[in-house]
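Notes follow the structure.
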Amino acid sequence: MQIFSLTLMLPILFSSLVLLLLLLLLPALCQWRSRNHKRLPPGSMGWPYIGETLKLYTENPNSFFSNRQKRYGDVFKTHILGCPCVLVTSPKAIREVLVSQADLFKPTYPPSKEKMIGPEAIFFHQGAYHARLKKLVLASFLPSAIRGLVSEIEHLVLRILPAWDNTTINTLHEMKRYAFDVAMISVFGGKQDLDMEGIKCLYHRLEKGYNSMPWNLPGTPFHKAMKARTLLNLKLRKLIKERRESRKQGGGLLGVMLSAGDNDKIDQLSDSQIADNIIGVIFAAHDTTASALTWVFKYLHDNGDLLEAVTREQEGIQRKLIEENRRLTWDDTKHMPLTSRVIQETLRRASILSFTFREAVKDVEFEGFFIPKGWKVLPLFRSIHHCADFFPNPEKFDPSRFETPPKPNTYMPFGTGVHSCPGSELAKLEMLVLLHHLTTTYRWKVVGDEDGIQYVPFPVPKRGLPIKVIPRKNR
Ligand code: HEM
């Protein structure tokens, strides 16, 4: 009897247990089911783990992105650099990621890059700390703050250019040196009580490791870069301590950061916060501007009539300076409409930052698609800058297209939203000052016939554009 009731009871007990388990798991199952049935953006995730990374590196990035945009539309998925990504290519969608829904998409960088620049640098943060830093960085690079730098920047140009007379130079290397020196002036202020050459040398080692594989083993570029980072940090911390103790904060971004908290201790930045941001801003300032300037050389070289027109504009200013017996000022740089349009068109055509990286901080509904938490989201500035709907005949270098302002949200060489570039005015200023002297004094010929683009990591003309520089009077 006992055996009979047990055999009868066992299935009942078992089914009740299963039922109970199902009831308990039901909410989680429903959530899993709905998450997996939400529509991810169209696109291919490529091979397991490597995804489409090899294709990105073997194809021209322009065609990699535009082919997929044609096939899948303005929002599509892929898997690159070890991460599932959603690529975003319409002005409206980019604005959503970077402006209207910016709190859902945080900036993201590989941990090795964060370590190398410094985890407390502005790029890696959101919210109150980011806003506090952004206020200080913007204050240091506003037109009112940098207008006084014109004569020092011009001084640099007048030191660099004569060394090029009748020689062959690597444009990118020279522009990196120039942009680095301008960044140092703007970050440390005019009169410098520091070992410029020492800092430059450490920076150079840091940069070499920045674009290498992040293997921290003795002898690797990454390891050398991390050692240079430690030394750079020590140098900066010593300088910060000296300036704090002497109460001479000095000018530039460092001066502004040291003065933060003068009225309220809560706003004070620690030495490591200041050091990370100094290193970070110099990083952001020089490679980008150097790449853009290298393209200006290329486009003016390839468009002879435009070069002559820019020269005429600059000669007009030169005549005025001679008549008034003075040097270039900020106001002069605001009266260079054609040269400014050449810079605008260079930034569009070359699109130095092809895209930027964000990460979904939670599951997000976006443009009718589902983006899971943790996926990377890449707004593609380059696609917009090369879209014929916004810039007719987009592959043509044509500064006159900027005689009328571009449609809203279609021109973003300096990004948009809370993380947009605080250095845009400085970048334009240093390009204008260089172009004033370059076009009125020199002509240049590209050496070799190798056309094309190289990514270092920003797009630059092949081999950094070697050129032979000839004084105009000798032609
Ligand atoms: C032609 C030259 C330059 C280009 C094309 C450029 C482009 C950009 C872009 C597109 C961003 C936004 C990135 C994002 O949203 O993730 C950015 C951010 C930034 N740029 Fe520039 N930049 C240039 C020059 C400079 C200069 C001269 C400085 C020096 C002050 C600078 C400092 C920064 C900083 C600090 C950020 C981060 C801002 C933040 O996270 O709030 N950049 N830049």
Side-chain angles (χ1 to χ4, degrees), residues 88 94-95 97-99 102 105-109 113-114 117-118 120-143 145-146 149 153 175-176 178-188 252-254 256-257 276-296 340 342-359 376-382 384-385 411-435 457-460:
V88 171
I94 291 187
R95 202 179 149 75
V97 175
L98 297 178
V99 184
F105 302 102
K106 65 172 185 186
T108 171
Y109 291 79
K113 311 270 183 229
E114 207 170 310
I117 289 183
E120 293 178 285
I122 184 165
F123 320 94
F124 312 123
H125 293 272
Q126 268 185 310
Y129 177 62
H130 174 265
R132 196 148 66 94
L133 288 174
K134 192 65 179 262
K135 214 169 114 191
L136 300 175
V137 180
L138 277 171
S140 320
F141 294 99
L142 277 178
I146 60 170
L149 297 181
I153 296 177
M175 289 304 96
K176 274 187 161 196
Y178 170 57
F180 187 86
D181 287 349
V182 174
M184 292 287 279
I185 291 173
S186 61
V187 161
F188 293 110
L253 176 65
L254 177 58
V256 172
M257 289 196 154
D276 285 4
N277 280 288
I278 294 291
I279 293 175
V281 168
I282 296 177
F283 232 104
H286 81 293
D287 257 11
T288 44
T289 315
S291 309
L293 268 167
T294 305
W295 281 111
V296 176
S340 299
V342 166
I343 292 171
Q344 274 181 298
E345 175 69 343
T346 300
L347 293 172
R348 178 199 71 82
R349 178 73 208 278
S351 289
I352 305 298
L353 249 79
S354 303
F355 53 83
T356 184
F357 279 95
R358 295 291 187 268
E359 184 183 309
K376 308 288 179 205
V377 178
L378 280 60
L380 292 187
F381 303 126
R382 176 177 284 272
I384 301 215
H385 293 164
Y411 183 64
M412 296 176 248
F414 294 105
T416 182
V418 282
H419 285 278
S420 67
C421 182
S424 58
E425 286 298 324
L426 178 67
K428 285 186 263 182
L429 174 68
E430 61 188 282
M431 292 195 233
L432 290 169
V433 175
L434 187 107
L435 284 173
F458 301 118
V460 288

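Ligands are counted one by one from 1 in listed order, and the atoms in each one are counted from 1 as well. These numbers come from a predicted model, not from an experiment.
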Query raised in the report: In terms of heavy-atom contacts, does NZ of Lys134 have more than 12 from other residues, nucleotides or ligands at under 6.0 Å?
Result: yes
Query raised in the report: How about Lys113: does its NZ atom have over 12 heavy atoms from other parts shown lying under 6.0 Å from it?
Result: yes
Ligand-side contact atoms (ligand 1) for residue partner [X], heavy atom cut-off under 4.0 Å:
X	answer
Gly415	10 (C)
His130	39 (C), 40 (O), 41 (O)
Phe123	34 (C), 35 (C), 36 (C), 37 (C), 40 (O)
Lys134	38 (C), 39 (C), 41 (O)

To which protein heavy atom is [atom] closest, and what is the distance rounded to 0.1 Å?
atom	value
atom 25 (C) of ligand 1	Cys421 SG, 3.5 Å
atom 36 (C) of ligand 1	Pro422 CD, 3.5 Å
atom 6 (C) of ligand 1	Phe414 CD2, 3.7 Å
atom 23 (C) of ligand 1	Thr288 OG1, 3.5 Å
atom 39 (C) of ligand 1	His419 ND1, 3.4 Å
atom 14 (C) of ligand 1	Thr356 OG1, 3.3 Å
atom 32 (C) of ligand 1	Ala284 CB, 3.6 Å
atom 26 (C) of ligand 1	Ala285 CA, 3.5 Å

Checking contacts here: is it the side chain or the backbone of [X] that comes within 4.0 Å of ligand 1, counting heavy atoms only? Could be both or neither.
X	result
His286	neither
Leu98	neither
Pro413	backbone
Arg358	side chain
Leu353	side chain
Phe141	side chain

[atom2] on [Y] to [atom1] on [X], rounded to 0.5 Å:
X	Y	atom1	atom2	value
Asp276	Ile117	CG	CD1	9.5 Å
Lys176	Thr294	NZ	OG1	9.0 Å
Glu430	Ile153	CD	CD1	6.0 Å
Leu253	Ile282	CG	CD1	9.0 Å
Met184	Asp181	CE	CG	7.5 Å

Check: [X] N/O within less than 3.5 Å of ligand 1 N/O:
X	result
Glu430	no
Ser420	no
Thr289	no

Query raised in the report: Are Val418 and ligand 1 in contact, using a heavy-atom cut-off of under 4.0 Å?
Result: yes
Query raised in the report: Does ligand 1 have an atom that lies less than 4.0 angstrom from a heavy atom of Pro107?
Result: no
Query raised in the report: Stepwise, does the side chain to side chain donor-acceptor pair (under 3.5 Å) test hold for Ser354 with Arg382?
Result: CA-CA 5 Å; Ser354 303; Arg382 176 177 284 272; 3.1 Å; yes
Query raised in the report: Ser340 and Lys428: side chain to side chain donor-acceptor pair (under 3.5 Å), yes or no, with the steps?
Result: CA-CA 8 Å; Ser340 299; Lys428 285 186 263 182; over 6 Å; no
Requested in this report: Quick one: sort the Phe180 and His286 rings into parallel, tilted or perpendicular, breaks at 30° and 60°.
Outcome: perpendicular
**Report entry** Ring geometry between His125 and Tyr129 (parallel below 30°, tilted from 30 to 60°, perpendicular above 60°)
**Finding:** perpendicular
Can any side-chain N or O of [X] pair as donor or acceptor with the backbone N or O of [Y] at less than 3.5 Å?
X	Y	answer
Asn277	Glu120	yes
Tyr178	Leu293	no
Ser186	Ala183	yes

